[in-house]
Amino acid sequence: MIDQLFEFVANHPLLVGAFVLVLFAWIAYEIRNSSAGGVTSSEATQLINREDAEVIDIREAGEFKAGHIAGARNIPQSKLESRLGELEKAKEKPVIVVCKHGQASGIAVAKLAKAGFARPLKLKGGMLQWQSDGLPVVKK
């Protein structure tokens, strides 16, 4: 198996070089975007307690009812643009966007920033990280 890999690399150096280049570019992109505009669970807790941050949960209603951060407002990502008016009072406050894994919230953060929100932030790791950190969850 290893011999075949070395033979492939020797026979196709341009293809392997392109793959390695794309791999490094993708890793760099993910590292840069994972830290941009994100807060950890403890940082989110501090923002909620000290600066009265607004928490927006962009998961669907069923997932939201199964467990969410206390005080969070459920606005599914598909309806975010049409419901931005509900968040007008929070334009100057930190707005923490929560999704399931922390990946989909980046799109919502970009929409909020474009709409003029001063401090839109995503919760790194999403609700899964929040729960694995042992932080409280409300079920309705």
Side-chain angles (χ1 to χ4, degrees):
M1 176 77 176
I2 297 293
D3 293 337
Q4 290 175 337
L5 179 64
F6 287 131
E7 182 181 347
F8 181 83
V9 170
N11 290 334
H12 305 285
L14 289 177
L15 187 60
V16 172
F19 171 75
V20 169
L21 182 66
V22 169
L23 180 65
F24 281 122
W26 177 69
I27 290 171
Y29 174 80
E30 287 295 322
I31 289 171
R32 185 184 60 153
N33 284 342
S34 68
S35 62
V39 293
T40 63
S41 299
S42 61
E43 292 169 337
T45 303
Q46 290 176 355
L47 286 170
I48 293 166
N49 292 335
R50 294 181 183 164
E51 298 184 41
D52 195 29
E54 185 79 28
V55 180
I56 307 300
D57 194 319
I58 61 169
R59 298 175 298 155
E60 294 300 320
E63 290 178 300
F64 181 78
K65 288 178 183 175
H68 60 273
I69 298 170
R73 184 182 300 199
N74 183 227
I75 301 178
Q77 186 165 1
S78 59
K79 298 177 184 174
L80 182 62
E81 289 182 33
S82 63
R83 294 179 60 185
L84 279 176
E86 297 175 25
L87 303 172
E88 282 298 317
K89 293 179 182 176
K91 272 197 166 189
E92 298 305 317
K93 295 194 290 187
V95 177
I96 302 168
V97 181
V98 180
C99 64
K100 186 173 185 175
H101 299 285
Q103 297 171 338
S105 55
I107 296 168
V109 166
K111 287 180 184 178
L112 291 172
K114 186 177 178 183
F117 285 81
R119 293 177 59 197
L121 305 160
K122 69 179 184 177
L123 179 64
K124 292 180 184 176
M127 278 304 296
L128 291 178
Q129 185 63 47
W130 182 272
Q131 290 172 323
S132 69
D133 289 344
L135 295 167
V137 175
V138 177
K139 296 182 181 181
K140 286 186 180 179

Going hydrophobic residue to hydrophobic residue with side-chain gaps under 4.5 angstrom, can you get from Val9 over to Val20?
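Same cluster.
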With hydrophobic residues grouped by side-chain heavy-atom distances under 4.5 Å, do Val137 and Val55 end up in a single group?
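Cluster IDs for Val137 and Val55 match.
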Atom [atom1] in [X], atom [atom2] in [Y]: separation rounded to 0.5 Å?
| X | Y | atom1 | atom2 | answer |
| --- | --- | --- | --- | --- |
| Lys100 | Gln131 | NZ | CD | 9.5 Å |
| Asp52 | Lys93 | CG | NZ | 4.0 Å |
| Leu80 | Leu87 | CG | CG | 7.0 Å |
| Phe19 | His12 | CZ | NE2 | 14.5 Å |
| Asp3 | Phe8 | CG | CZ | 15.5 Å |

Under a single-linkage rule joining Ile, Leu, Val, Met, Phe, Trp and Tyr whose side-chain heavy atoms are separated by less than 4.5 Å, which residues share a cluster with Ile107?
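When side chains under 4.5 Å apart are linked, Ile107 ends up in no cluster with other residues.
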Residues, nucleotides or ligands: over 12 heavy atoms within 6.0 Å of [X] [atom1]:
| X | atom1 | value |
| --- | --- | --- |
| Gln4 | CD | no |
| Lys111 | NZ | yes |
| Glu86 | CD | yes |

Does a side-chain heavy-atom distance below 4.5 Å link [X] with [Y]?
| X | Y | value |
| --- | --- | --- |
| Glu43 | Leu121 | no |
| Ser105 | Val98 | no |
| Asp57 | Ile69 | no |
| Leu112 | Leu84 | yes |
| Ile2 | Phe6 | yes |
| Arg59 | His68 | yes |

Restricting to non-hydrogen atoms, name the atom on Ala104 and the atom on Cys99 that form the minimum distance, rounded to 0.1 Å.
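Result for this residue pair: N-SG, 3.6 Å.
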Which pair of heavy atoms, one from Lys139 and one from Gly67, lies closest together, and at what distance?
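Heavy-atom minimum between the residues: CG-CA, 4.0 Å.
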Walk me through whether Glu63 and Met127 qualify under side-chain contact (heavy atoms from CB on, under 4.5 Å).
CA-CA 10 Å; Glu63 290 178 300; Met127 278 304 296; over 6 Å; no
Let's go through Lys124 and Gln129 carefully: what are the C-alpha distance in whole Å and the side-chain angles of both, what is the deciding distance for side-chain contact (heavy atoms from CB on, under 4.5 Å) to 0.1 Å, and is it a yes or a no?
CA-CA 7 Å; Lys124 292 180 184 176; Gln129 185 63 47; over 6 Å; no
Verify side-chain contact (heavy atoms from CB on, under 4.5 Å) between Ile75 and Phe64, making sure each step is shown before the conclusion.
CA-CA 10 Å; Ile75 301 178; Phe64 181 78; over 6 Å; no
Do Lys91 side-chain atoms and Ala115 backbone N/O form a donor-acceptor pair below 3.5 Å?
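Yes, Lys91 side chain to Ala115 backbone: donor-acceptor pair under 3.5 Å.
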